[in-house]
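For reference, the structure discussed in these notes is given below.
Note on naming: letters A, B, ... go to the chains in the order of the sequence lines (proteins, then strands), and numbering restarts at 1 for each one. As a basis for the values below, the full set of heavy atoms in this structure was taken, side chains included, without hydrogen atoms, waters or symmetry mates. What you see is a predicted model; the values in this text were computed from it and never measured.
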2 protein chains.
Amino acid sequence: MLRIGQGLRRKADIMAGQTGGKQPTINDVAALAGVSKKTVSRVINRSEFISEKTRKAVQQAIETLGFVPNPQARALAFRRNFLIALLHDNPNAQTVLGFQQGVLDAIKDSDLALLVRPVDRGSDRMLDDVRTFLEKQRPIGAMLLPPISENDELAALCESLGVRYVRVGSAPLDDPQHCVSSNDHDVVKEAVRKLVDLGHRRIGFVRGPEGFRSAAEREKGFHEALAEAGLSLADDHYAPGNYRYTAGIEAGEKLLALAEPPTAIFCSNDEMAAGVMSVAHSKGVAVPGRLSIIGFDDSPTATHIWPALSTVRWPIRQMGVRAAQLLVPDFLGSGAKAIDADPAALTSTFVERQSVAPPGR
Amino acid sequence: MLRIGQGLRRKADIMAGQTGGKQPTINDVAALAGVSKKTVSRVINRSEFISEKTRKAVQQAIETLGFVPNPQARALAFRRNFLIALLHDNPNAQTVLGFQQGVLDAIKDSDLALLVRPVDRGSDRMLDDVRTFLEKQRPIGAMLLPPISENDELAALCESLGVRYVRVGSAPLDDPQHCVSSNDHDVVKEAVRKLVDLGHRRIGFVRGPEGFRSAAEREKGFHEALAEAGLSLADDHYAPGNYRYTAGIEAGEKLLALAEPPTAIFCSNDEMAAGVMSVAHSKGVAVPGRLSIIGFDDSPTATHIWPALSTVRWPIRQMGVRAAQLLVPDFLGSGAKAIDADPAALTSTFVERQSVAPPGR
DNA sequence: CTTGCTTTTGACACCGGTGTCTTTTAAGCC
DNA sequence: GGCTTAAAAGACACCGGTGTCAAAAGCAAG
């Protein structure tokens, strides 16, 4: 009797202490469950060396108190923070945010949180900056978005700091366990073949920036598709670019000023395609009547311009999910695994809209 | 002599221990500088009760070892994490990322990091989710982006958890110290006045979604501008919307099908304006010859469509900077303060491009 | 009922900082 | 120089968890 009375009183005290403003700690739980804090810790971390009976009791106490382990304390003891870092240096908001969304979808039910960190590709302090960041934040893992994902030193840095990493790219950059990649090369071939099948013979190309793997992959796919059709790219049908709208303008002005302009232009991304399309409009060149245009990304721009742009849908959000699954499979709840059981969800696909037609004549 | 010898040897040991894989700790610094760890802590935290001499010595030791305080340990001791949380539920990628960039610009040289957290406005568990998130991560402060910034309960929650907060909106939502806002109302008036001055009398309006403060502000500005010009909005010149492209399409189809369609349409954001413009193109209505269109946001879409859209530039990135300055002025380096000495940088401005002209006739 | 082994549990130090309070040092004054 | 007082530095507990290793409990066999 007395014993029970004491027990009850103690429980009341604990509850009172807890409601007294602050969060319950592992000590409160331990006291309430009548076990040591280490045992509570074992329950939290799903240790296998624990009897079903005590596990139940501890669970019960945890729920009664509404106890949530303090991530800062765990981070200190584990010498690792329950965070994922997203490192990016990407001109394209849509890409970054789409990917970010995917990652967040995946980690929604986990204990992880997402830390976003832009890095300055140009700076020669870049590596040091990232090292400092990783040493300070000690995330479980880091995700590298293109173009910095192509930097091997960065990957090596993560490796050496014991930070897991995943590199996102347009083609495999690393071993499969560190890499989420799309099939830019193949799908560009498919898109260009489409143009050829419609009867286009003079096809222009607007390239992405030097130093971007994606730009190289897309160019390769383009050339191969032409080659397979027995065609080749005329020198004056090529325009350099940098994935920006203004580059599209310049490219459009160059290509459409030719005595014999291309009847179709493949642009390495949607923004540049939008630029080319503007030039066509302002020169009175009908799209798709006299000029077909294809972009890449399926960004919002693709559907916001008129006529709607045929483009390549890059499953960026899905890639975010996949990247998280690859990076921290052991932290994700079962929900996250269900998110993409479908491997096909990761393939880029050609989306036909209104900017493509047979060559006018 | 002996004493010095010992001193040197100890220093060597410390260095060796440090290079032996892990980061130097405050203890290493203390040992090297020959002071207590608390004194080192004082130097780190710029305590005023410390002599210049020891400060120098400690600084020296910190630099020699390359010591960086462990944020997890500090977070535990301070009971606060050196993080800023960005809470958003925003359909517009550009807005979120632009703001995020601004925040990152501002905190670049500080010890803070940015945690991004989407919240589900619809869910009735939303408040609990956010509470759990804030209790777990214990950020210094939180930033609320529209539309969730309009939720007073959320602000109250932050307050009660001792988390600083800043609300971002289209109009003041709270006391100035908790609020970064743009002047949507005024600038919409300016834009509409511009249309009136050009001679437009039949001006259509496409509204933003119900429940968004921004939508209401923009509508108010629109009506006032008309009223001041002695005009009013005809019932059939009004179209509802939700800030999405498709809503623009619907609005365009409705307004341009009228027997006497408007000669100008003000759209509450750029995406809807792009939708209206598509409809105009496909119906053969020349823009701006027969129809002037104005958008809002100055999103990339505004310049990617043709003709380029006259719109309102909302200094979202600057607002991110400002929000950070408001939220954590005490954590930002001097660099951040310089970022926007210019208060005018925060005013929205009307940007004239090619989608506006006098009414055709 | 021991003994010997495996499975559970707990005590205690530790992760790397900060808060509080005490002691030491330096400065000011007579 | 001695005394008072303020400034500087330190000792030690503590933040809330985890790792290690020893102790206790459970169980089968002797």
Side-chain donor-acceptor pairs of residues 147-156 of chain B under 3.5 Å, sequence neighbours excluded:
from, atom 1, to, atom 2, distance (Å)
B:Ser149, OG, B:Val168, O, 2.5
B:Glu150, OE1, B:Arg213, N, 2.9
B:Glu150, OE2, B:Arg213, N, 2.9
B:Asn151, OD1, B:Glu153, N, 2.9
B:Asn151, OD1, B:Leu154, N, 3.2
B:Asp152, OD1, B:Arg167, NH1, 3.3
B:Asp152, OD1, B:Arg167, NH2, 2.7

Extract all donor-acceptor atom pairs below 3.5 Å that involve side chains of residues 127-137 of chain A and protein atoms in other chains or at least two apart in sequence.
from, atom 1, to, atom 2, distance (Å)
A:Thr132, OG1, A:Asp128, O, 2.9
A:Lys136, NZ, B:Asp111, OD1, 3.0

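Each of B:Ala73 and B:Lys53 has a nearest nucleotide on DNA chain D; the 5'-most of these lies closest to B:Lys53. Toward the 5' end of DNA chain D, the nearer of the two residues B:Lys37 and A:Asn70, judged by each one's closest nucleotide, is B:Lys37.
Across all their heavy atoms, B:Arg55 and B:Val43 have their closest contact at CA-CG2, 4.2 Å. B:Ile50 approaches B:Ser47 most closely through the heavy-atom pair CG2-O, 3.6 Å.
Using a 4.0 Å cut-off, no side-chain N or O of A:Thr54 falls inside it from OP1 or OP2 of C:dT8.
Residues passing the side chain to side chain contact (heavy atoms under 4.5 Å, CB included) test with B:Asp124, sequence neighbours excluded: none. Taking the salt bridge (charged side-chain N to carboxylate O under 4.0 Å, His left out) definition, one finds that A:Arg164 meets it with A:Asp330, sequence neighbours left out. The side chain to side chain donor-acceptor pair (under 3.5 Å) test applied to A:Thr39 returns A:Ser36, not counting sequence neighbours. In terms of the salt bridge (charged side-chain N to carboxylate O under 4.0 Å, His left out) criterion, A:Asp120 has no residue partners (sequence neighbours excluded). Qualifying salt bridge (charged side-chain N to carboxylate O under 4.0 Å, His left out) partners for B:Arg317, counting only residues two or more places apart in sequence or in other chains: B:Asp105. Looking at residues two or more places apart in sequence or on another chain, you find a side chain to side chain contact (heavy atoms under 4.5 Å, CB included) between B:Glu63 and B:Gln59.
Screening residues 25-82 of chain B for ring pair (Phe, Tyr, Trp, His ring centres under 6.0 Å) gives B:Phe78-B:Phe82, B:Phe82-B:Phe331 as the qualifying pairs, with residues at least two apart or on separate chains.
A:Val35 comes within contact range of the sugar-phosphate backbone alone, with a heavy-atom separation under 4.0 Å but no base atom that close. A:Ile50 comes within 4.0 angstrom of sugar-phosphate atoms only, judged by non-hydrogen atoms across all strands, and of no base. In this structure, B:Glu48 reaches the sugar-phosphate backbone alone: every heavy-atom distance under 4.0 Å involves primed, P, OP1 or OP2 atoms, never a base.
Bracketed by its first and final contacts, the part of DNA chain D lying under 4.0 Å from non-hydrogen atoms of chain B reaches from D:dA8 to D:dG16 in 5' to 3' order.
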Practice item. Encode nucleotides 19-24 of chain C as B, S and - characters from 5' to 3', where the letter depends on protein heavy atoms closer than 4.0 Å: B to the base, S only to sugar-phosphate, - to neither. Key: BB----
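Over its length, the helix from C:dC1-D:dG30 to C:dC30-D:dG1 turns its helix axis by 40°, as judged from the five terminal pairs at each end, rounded to 10°.
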